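Remarks on the structure that follows.
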Amino acid sequence: MNELQLINISKHFDQKIVLNEINFSVRKGELVSLLGPSGCGKTTLLKIIAGLLPPDGGQLLFDGNSILNIPVERRGTVMVFQDYLLFPHLNVWNNIGFGLRMAGKGREEQAKKINEMLELVELHGFEKKYPRELSGGQKQRVALARALAIEPKVLLLDEPFSNLDARLRESMRDFVCGLQKKLKITTILVTHDKEEALLSSDRIVLLLDGKVQQIGTPEEIYLMPKNREAANFLGKKNYLKGRIEKGIFYYSGGELKSEERADGTYWMMIRPEEIKLKKDKGNASAIIVDMRFAGDRIYYKVKLGEEMLECLMLPDTIFSIGEAVNLSMDLQNIILFPE
Amino acid sequence: MRERKWVQEILLYSIVFLLTLPIFILLIWSFTKTWPWPDLIPKDVGLRGWRYIIDPHTKILKILCFSFFLSLAVTFVTLLVSLPAAKAIGQHNFKGKKAIQIFILSPIIVPPLAVAMGIHVKFIQMGLADTFWGILLVHLIPCIPYAVRILTNVYEALGTRMEQQARILGANRLQTQFHVMLPLLAPGLVSAGSLVFIISFSQYFLTYLVGGGKIITLSMVLFPFIESGDRAIASALSLIFIAITLIFFLLINKILRTHLNTQDYFYL
Ligand SMILES: Nc1ncnc2c1ncn2[C@@H]1O[C@H](COP(=O)(O)OP(=O)(O)O)[C@@H](O)[C@H]1O
Ligand SMILES: [Mg+2]
């Protein structure tokens with residue numbers, strides 16, 4: 001069931017349109033990622049949902065009722081900012097209890113909830129510490145506990161892991177996702193990191209240039225991109241130009257059956273991981289132009305006739321630059337985009 | 001590295017010495033009867049300067065208390081008026097902001113003498129001349145520009161994000177200002193408050209004009225002694241003067257620190 005619904009939400013700053021008729025919904029207990037490059041309006045959208053910014057137009061529904069006129073402090077959505085924004089004059093205990101205190105909850109009720117939160121984010125023993133004495137990951141957990149303490153209906157996370165170093169980021173991501181599953185709290189996670197979105201979301205909303213490009217599960221978003229922009233944002237892709245004539249796609253490397261499509265010019269998309277390179281057995285068709293070793297994988301640039309292809313291989317066989325190789329493509333998941 | 005530190009320390013102590021030297025001289029002067037050149041240390045010591053201050057006939061202690069509370073009230077009212085103004089200027093953009101900024105700062109640029117006469121006439125018409133409230137109001141003129149200036153910078157540095165965070169966590173506007181912004185502003189309030197207190201406390205001309213000689217503050221008592229060259233009394237009064245401002249600074253600092261638990265930084 002859809003809990004939070006965005007209908008035609010738009011926003012502009014000075015002449016610039018930042019959000020252009022955004023539509024999507026979030027189901028109860030679901031974790032939806034808002035994925036898009038920096039500056040595409042992700043933070044702006046979260047602020048609109050939280051009530052910090054009014055949209056120019058559109059509707060925002062919670063359980064079918066508009067919440068646009070409910071002020072920030074009573075909206076029941078809580079946002080955790082990228083840089084945590086812990087109150088520097090309050091210790092961990094009082095930071096976590098801030099929302100409860102503002103709501104006028106009794107001392108005992110506060111203490112019970114704060115202890116519960118400390119347990120949840122595994123920060124017992126840190127009650128007396130001030131934000132300046134905490135590490136990045138600890139600050140993050142305090143910010144999370146502070147947000148969860150007021151039992152929000154919707155949790156909004158704005159690039160929560162981008163200020164952490166690589167290893168901490170992974171463990172915090174698992175921690176937060178685990179917490180989300182455990183509490184079944186409706187969550188929107190904003191990120192510009194495709195891997196983060198793919199790994200942690202139930203569904204992804206892909207936002208490019210202020211427009212929703214695609215909505216779907218991580219598998220759908222990665223395997224069935226709707227257009228080239230969406231495909232490119234999720235990683236480097238190869239495109240081969242060709243034509244469909246009477247249900248057959250003809251391209252420089254051969255031909256393919258493609259019965260549902262109308263005749264015309266198309267781009268065939270092949271992911272780097274769908275290209276396989278093999279040792280030359282005398283009939284080599286391609287030449288390695290560039291090779292970059294990344295440990296658990298190797299990136300190759302391969303020249304095939306006129307075309308330059310990106311290719312991703314496991315480091316089981318290593319080819320050197322200039323070597324002639326046999327090239328085969330896995331054509332099962334081929335996607336054609338009309339020109 | 002070591003040598004640099006050495007040089008730094010010498011420099012630091014020299015500066016402290018140079019800054020405190022006048023206070024020592026004042027201290028010596030306040031205990032002398034005469035101190036003719038070229039004596040390095042005065043031969044005639046006495047308590048005349050201090051006795052004058054304690055003497056109930058001179059009413060110095062009473063004036064001192066009055067001055068202290070007057071400046072305290074001025075400081076309080078100045079901060080109260082300056083906070084919203086500084087917030088508006090520091091956090092928001094609006095039409096005519098530059099003009100308003102210049103208008104608020106104008107008492108620093110235009111000498112108060114130029115406007116004080118007109119104000120005095122108006123105050124007489126309104127029955128504010130020669131009254132405590134008249135003096136309080138006229139002291140706001142040189143005080144508000146400095147307070148607004150300092151607090152604007154503080155608001156600019158703080159931005160609006162902490163406020164947004166507080167609102168998101170369920171604090172209403174009033175709670176946000178009181179529980180989040182006030183503690184964050186505290187160091188700025190100490191800086192602005194101390195400066196405003198000193199400006200008000202050492203105000204001579206405006207008090208003299210609007211008070212019509214009926215309302216006496218410490219600086220008005222002090223001036224004639226400096227003028228007539230009675231150094232013993234002038235020095236004793238000056239020391240009291242310095243002590244009061246220092247006490248005020250420590251007091252406001254202590255109060256804001258313990259109640260609001262802010263960190264060690266000042267906006268000076
Ligand atoms: N208050 C504002 N005034 C003017 N422009 C803004 C404001 N906030 C954001 N923008 C602009 O809107 C665009 C989107 O910003 P933002 O939502 O922060 O992007 P993201 O979070 O996706 O990186 C940016 O180009 C930014 O410069
Ligand atoms: Mg952002």
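Chain letters run A, B, ... following the sequence lines, proteins first, then strands; residues in each count from 1. For clarity, every value in this text was computed on a predicted model and none was experimentally measured.
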Okay, A:Leu85 and chain B: the region with an atom under 4.5 Å from a heavy atom over there is both
For B:Ile168 and A:Ile150, the nearest pair of non-hydrogen atoms, with its separation, is O-CD1, 4.1 Å
Checking heavy-atom separations under 4.5 Å from chain B, one finds in residues 39-55 of chain A A:Lys47, A:Ala50, A:Leu52
Is it the case that atom NZ in B:Lys97 sees more than 12 heavy atoms from other parts of the structure closer than 6.0 Å? yes
For the CZ atom on B:Arg161, are there more than 12 heavy atoms of other groups (residues, nucleotides or ligands in this structure) within a distance under 6.0 Å? yes
NE2 (B:His179) and CZ (A:Phe98) are apart, to the nearest 0.5 Å, by 7.0 Å
Verify the neighbour count for atom CG of B:Leu174: are there more than 12 heavy atoms of other residues, nucleotides or ligands below 6.0 Å?
no
Taking a cut-off of under 4.5 angstrom between non-hydrogen atoms, the residues of residues 112-121 of chain A near chain B are none
Discussion item. Apply side-chain contact (heavy atoms from CB on, under 4.5 Å) to residues B:Leu169 and A:Arg146 and explain how you reach the verdict.
Written reply: CA-CA 8 Å; B:Leu169 292 166; A:Arg146 182 177 67 172; 3.4 Å; yes
Q | Whether over 12 other heavy atoms sit under 6.0 Å from A:Lys181 NZ | A | yes
**Prompt:** More than 12 heavy atoms of other residues, nucleotides or ligands under 6.0 Å from CZ of B:Phe69: is that the case?
**Reply:** no
Scored by heavy-atom pairs under 4.5 Å with chain B, the best of A:Leu86, A:Leu156, A:Leu100, A:Asp83 is A:Asp83
- Is A:Glu73 close to B:Thr176 at the side-chain level, that is, under 4.5 Å between some pair of heavy atoms? no
Looking only at heavy atoms, the pair that brings B:Gly170 and A:Met102 closest together is O-CB, 4.1 Å
Are more than 12 heavy atoms, taken from residues, nucleotides or ligands other than B:Phe132, located less than 6.0 Å from that residue's CZ atom? yes
Within a 6.0 Å radius of atom CD on B:Glu9, are there more than 12 heavy atoms belonging to other residues, nucleotides or ligands? yes
Distance col, row B:Arg167:CZ vs A:Arg75:CZ, nearest 0.5 angstrom, shows 11.0 Å
Minimal heavy-atom distance between A:Tyr84 and B:Gln165, with the atoms involved, is O-OE1, 3.8 Å
